[in-house]
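Some notes on the structure that comes next.
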Amino acid sequence: MVAMQLLGLWAALLLLCGCQDTQAGNLLVVPGEFSHWLNMRVILDQLTERSHNVTVLVATASPSINFSRPERYRFLVYNVPFDRQDWISINDDFIKFLMYESQNASMLQIGLWVWDMMQKINVIQLNICDALLWDHKLLETLRQLNFDALLSDPMLICTDLLADVLHLPLVFSMRFSFGMSMERLCGQMPAPPSYVPAATLGYTDKMTFFQRVHNFVMYTVYDMFLYVYSRTTVDQYYSEIKGTPTTFCEIMGKADIWLIRTYWDFEYPRPLLPNFKFVGGLHCKPAKPLPEAMEEFVQSSGDDGIVVFSLGSMVKNLTKERANTIATALGQIPQKVLWRYSGEKPDTLADNTRAYDWIPQNDLLGHPKTKAFITHGGTNGLYEAIYHGVPLVGVPLFADQPDNIMHIKAKGAAVMMDFNKMTSQDLVDGLNKVTNDSLYKENMMRLSRIHHDQPMKPLDTAVFWIEFVMRNKGAKHLRVESHNLSWYQYHCLDVAAALLALVVLIIVVTVKTCTFCFRKCFRKTKARQKTE
Ligand SMILES: *[C@@H]1O[C@H](CO)[C@@H](O)[C@H](O)[C@H]1NC(C)=O
Ligand SMILES: *[C@@H]1O[C@H](CO)[C@@H](O)[C@H](O)[C@H]1NC(C)=O
Ligand SMILES: *[C@@H]1O[C@H](CO)[C@@H](O)[C@H](O)[C@H]1NC(C)=O
Ligand SMILES: *[C@@H]1O[C@H](CO)[C@@H](O)[C@H](O)[C@H]1NC(C)=O
Ligand SMILES: *[C@@H]1O[C@H](CO)[C@@H](O)[C@H](O)[C@H]1NC(C)=O
Ligand SMILES: *[C@@H]1O[C@H](CO)[C@@H](O)[C@H](O)[C@H]1NC(C)=O
């Protein structure tokens, strides 16, 4: 009996060793910038924790990655012919235009401005491409390091091309891109416009006829946009590097795994491909204790609790007018407010509100006294709110943010404000609605339960698939064959045409034969009648 148990224990130990003894992989990483980096960093920490060798390629002008900070992964810095401030100021201009100036602009002005901005961003993108792909010394170094795979954020465009040049399997880490054109056109992910709403429209999966028309048109516009962008700016660049005619989408479509930073708590049900994995909320973790002074302030709120307020890491300050409107509103609610705000202190800032340059957002959202979260609707913050079950007051500013908030609003766990148009009273009403009406909290708790009730934690899923790709030299077995089909083959138009032709042929032959027989019989009877 004891012997059996010992044997069992031995077998278990062996198994354990077998699991622990996974070969350490060698991973090359090209991260995105700004909030995208925060997300990527969590994955890299976990990979180094599991003793993989991680090398991060970073530009000398990186606006958000401090490569002189000692980390457990290695930085490999490449030179770009612009500096950090250029990148940051383009980004700031972008945000300022989208937040304020676009409000009063005509469609034409917005169009021209977007075109201008695209050119500026493109200069940065292509400079980075040049730095990565024309620097033969860097490429040689990368080849010698013998990586097993490349992990990248397609926020920088040439990372797929780098993987192709180095013959490395590729894993993307991304949020669904704007309009999902990249996933649909390059990744071949099916998105029927009849029930998968396009980004920015704010529709849910239940659409009326006219909404479906709108949705369909929007998909077409996004697709044309991607097509024109890729034809006019990057296809030629990609072809030049590859040495054969190719397209942006073709190279991007070679990715082995697409790690998408959302999940069913947030998305409407929709089809996914086997190489698309949902890992939304991978950066979320249980709350840690707050700094002492902050905890004291939080405790002083009594039964009313606190409201956490952040418009994200990209928006440091607001116009005086907006800041005052917001501060006035915050002064009228019974809760205490912790506001991440490093701009000039608004005159109307009340005693119940404290502005901080930085807040431990995750720890605050996980605090039992937290009643609501005022957020711009970036996915990182949204997932922390879902993780901890805190209902939202959404003040979306730009890009995917209105759409993100709409998702949570449709699920009954958020109210949405218009940043430029809202008055103090609107914000007060919104906050009271979310904190008084327990339905918001209940709905958010439901999303939270869905989020936590998964067979594997999102971070573990992400790490598993990266390891899978490193172990198996890719995951081509999950890649659908539609990458290899033309549009008429994909929609079976050739098959339909062939079947149609066949049916027509059969009808024609049948008709011909019948008329022929009929005539013959008819003639025969006639002839017989004559002879009789
Ligand atoms: C990780 O990469 C560095 C640089 O190539 C190398 O010196 C080191 O030996 C590698 N470590 C492992 C465990 O492979
Ligand atoms: C980057 O990290 C280094 C070392 O920790 C630190 O001295 C430096 O101030 C940091 N730079 C920025 C811009 O944060
Ligand atoms: C937009 O126009 C209105 C009315 O002319 C003006 O009051 C407002 O300040 C303008 N907003 C911006 C951001 O320029
Ligand atoms: C924010 O602060 C910067 C620098 O202090 C300033 O240039 C910018 O105009 C401010 N933004 C707004 C919206 O006030
Ligand atoms: C909501 O909360 C505010 C502030 O506590 C209070 O004045 C108001 O009466 C509440 N409304 C409802 C419907 O409970
Ligand atoms: C497409 O089909 C060709 C011919 O069957 C094959 O050689 C190629 O590997 C396929 N490409 C992809 C991406 O599956």
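Since the model is a prediction, treat every value here as computed from it, not as a measurement. Order of appearance sets the numbers: ligands from 1, and atoms from 1 within every ligand.
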Inset, instruction - Give the residue, atom name and distance (to 0.1 Å) of the protein heavy atom nearest atom 5 (O) of ligand 2. - result: Arg69 CG, 3.4 Å
Inset, instruction - Could you tell me whether atom 7 (O) of ligand 2 has a protein heavy atom closer than 4.0 Å? - result: no
Inset, instruction - Provide the closest heavy-atom pair for Asn352 versus Phe297 in the form atom of the first, atom of the second, distance. - result: O-CZ, 3.6 Å
Inset, instruction - For the residue pair Phe468 and Phe464, categorise the inter-ring angle as parallel (less than 30°), tilted (30 to 60°) or perpendicular (more than 60°). - result: tilted
Legend entry - Spacing of Glu240 atom CD and Asp235 atom CG [to the nearest 0.5 Å]: 12.0 Å
Legend entry - atom 1 (C) of ligand 2 [closest protein heavy-atom partner, distance rounded to 0.1 Å]: Asn66 ND2, 1.5 Å
Inset, instruction - Using modelled atom types only, decide if a donor and an acceptor are shared between the side chain of Gln125 and the backbone of Ile121 within a distance under 3.5 Å. - result: no
